[in-house]
Amino acid sequence: MKLIDGKAISQQIKDEVKEKVAALKSEGKERTLAVILVGNDPASTVYVGNKKKACEYTGIRSESYELDESTSQEELLALIDKLNNREDINGILVQLPLPAQIEEKAVINAISPEKDVDGFHPVSVGRLSIGEKGFLPCTPAGVIELLKRSGIEIAGKRCVVVGRSNIVGKPMALLMLRENATVTICHSRTENLKEVCKQADILIAAVGKPKMIDRSYVREGAVVIDVGIHRLEGKKLCGDVDFEDVKDVVSAITPVPGGVGPMTIAMLMKNCAEGVH
Ligand code: BQF
């Protein structure tokens with residue numbers, strides 16, 4: 001079993017970004033990411049902290065907006081409008097989830113597609129779906145980089161994605177398809193889920209259920225990518241995959257923590273540095 005080291009690979013990407021940002025700086029072009037956090041959800045606060053730290057490391061300026069939990073949708077949209085119109089801002093990130101009084105869709109739609117470093121805007125999604133250049137969503141893009149930089153062949157392989165969210169499952173399937181995998185998307189209504197998963201050469205778990213994927217879902221020699229992140233009582237992190245149960249069956253697997261998570265951050269930095277590409 002090969003452990004896919006997301007921490008090491010994300011570090012490599014951040015180092016590449018750092019060089020790119022420095023080269024831009026020497027041409028007088030600075031990169032700036034606006035990071036917006038509404039409220040003080042503990043997990044979101046940690047994620048935003050990780051992003052600001054990565055900006056510091058790579059040389060990307062970050063401008064932090066920490067708004068009160070009670071912020072109205074109007075106020076947030078006004079801020080986004082202001083940032084859209086600032087030429088010195090290259091990327092706008094609104095940390096999700098948002099408080100109940102704010103509609104996520106309205107916020108995502110308000111971000112200029114040219115600054116949509118999360119890749120959630122319908123224009124970015126459309127570009128991805130028809131193979132045009134555009135911002136790629138960070139987590140699925142990170143999974144592709146993990147596979148490529150680990151020397152895992154994607155073209156021609158059977159890939160099963162478990163989960164169909166707009167943020168991970170759906171774009172993940174599109175990206176694997178773009179890499180010429182044969183792709184199946186499974187979800188809560190899939191019949192014979194285990195049997196379908198057992199067909200996978202590459203199994204990507206993005207279900208949102210702690211340790212749901214055990215060895216009964218995994219073909220011997222499969223590559224397993226765990227996108228889940230859950231905090232168990234105590235505060236130990238785990239994924240959607242029961243790592244201990246599957247580790248002797250797989251050919252390669254990502255751990256949680258230290259697998260896909262750090263890649264999400266690294267790909268955000270790459271998006272900020274490179275712009276729409
Ligand atoms: C690690 C996220 C669910 C919902 C909204 C490193 C992160 C996580 C884990 C991180 C995530 C998950 C982020 C590790 C950002 C990934 O060492 O394993 C980094 O900061 N993430 C987010 O911004 O929003 C989420 C998961």
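As the structure is a computational prediction, the values presented were derived from the model and not from experiment. The figures that follow rest on heavy atoms only: side chains count, while hydrogens, waters and symmetry mates do not.
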Decide, yes or no, whether a salt bridge links Glu19 with Lys25 under the criterion of side-chain N to carboxylate O below 4.0 Å.
no
Salt bridge (charged side-chain N to carboxylate O under 4.0 Å, His left out) assessment of Glu75 paired with Lys82
CA-CA 11 Å; Glu75 288 172 279; Lys82 200 180 77 190; over 6 Å; no
Residues Glu16, Lys270: salt bridge by 4.0 Å N-O rule
no
Side chains of Thr71 and Glu69: is there a donor and an acceptor less than 3.5 Å apart?
no
Kindly determine whether Lys2 and Ser150 satisfy side chain to side chain contact (heavy atoms under 4.5 Å, CB included), including the steps that lead there.
CA-CA 9 Å; Lys2 176 187 154 84; Ser150 304; 4.0 Å; yes
The test is salt bridge (charged side-chain N to carboxylate O under 4.0 Å, His left out); show your working for Arg61 and Glu63 and say whether it passes.
CA-CA 7 Å; Arg61 263 192 72 233; Glu63 242 181 61; 3.1 Å; yes
Kindly indicate, with the supporting measurements, whether the criterion side chain to side chain contact (heavy atoms under 4.5 Å, CB included) is fulfilled by Asp201 and Arg219.
CA-CA 7 Å; Asp201 300 310; Arg219 192 176 61 75; 2.8 Å; yes
Evaluate the criterion side chain to side chain contact (heavy atoms under 4.5 Å, CB included) for residue pair Ile9 and Met263; output intermediate values, then yes/no.
CA-CA 8 Å; Ile9 296 172; Met263 294 299 291; 3.9 Å; yes
Cut-off 3.5 Å, side chains only: do Lys51 and Ser62 have a donor facing an acceptor?
no
Can you tell me if Asp226 and Thr254 form a side-chain donor-acceptor pair at under 3.5 Å?
no
Would you call Glu103 and Lys105 a salt bridge, taking side-chain N to carboxylate O under 4.0 Å as the test?
no
Answer whether the closest heavy-atom distance between the side chains of Arg178 and Ile144 falls below 4.5 Å.
no
Is it the case that atom CD in Glu27 sees more than 12 heavy atoms from other parts of the structure closer than 6.0 Å?
yes
Under 4.5 Å between side-chain heavy atoms, hopping through other hydrophobics if needed: is there a path connecting Ile253 to Val168?
no
Just one of Thr32, Ile111, Ile92 clears the side chain to side chain contact (heavy atoms under 4.5 Å, CB included) bar with Leu83, so which one?
Ile92
Heavy atoms of Asp41 and Ser44 approach each other most closely as OD2-N, 2.9 Å
If you measure from CD on Gln95 to CD on Glu66, what distance do you get to the nearest 0.5 Å?
11.0 Å
Examine Lys211 relative to Phe243 and say whether NZ or CZ is less than 6.0 Å from the centre of the six-membered ring and inside a 45° cone about the ring axis.
no
Would you please name every residue forming a side chain to side chain donor-acceptor pair (under 3.5 Å) with Asp5, sequence neighbours left out?
none
Side-chain H-bond candidate by donor/acceptor type, Ser216 with Lys194, under 3.5 Å
yes
Ignoring hydrogens, what is the shortest heavy-atom contact between Phe135 and Ser124? Give both atom names and the distance.
O-CB, 3.8 Å
Do the side chains of Leu232 and Leu237 get nearer than 4.5 Å, heavy atoms only?
no
Would you check if there is a donor-acceptor pair between the side chains of Gln11 and Tyr57 at a distance under 3.5 Å?
yes
Report yes if the side chains of Cys138 and Asp118 come closer than 4.5 Å at any heavy-atom pair, otherwise no.
yes
Go through the steps to decide whether Val196 and Thr184 satisfy the test side chain to side chain contact (heavy atoms under 4.5 Å, CB included), and finish with yes or no.
CA-CA 8 Å; Val196 178; Thr184 303; 3.9 Å; yes
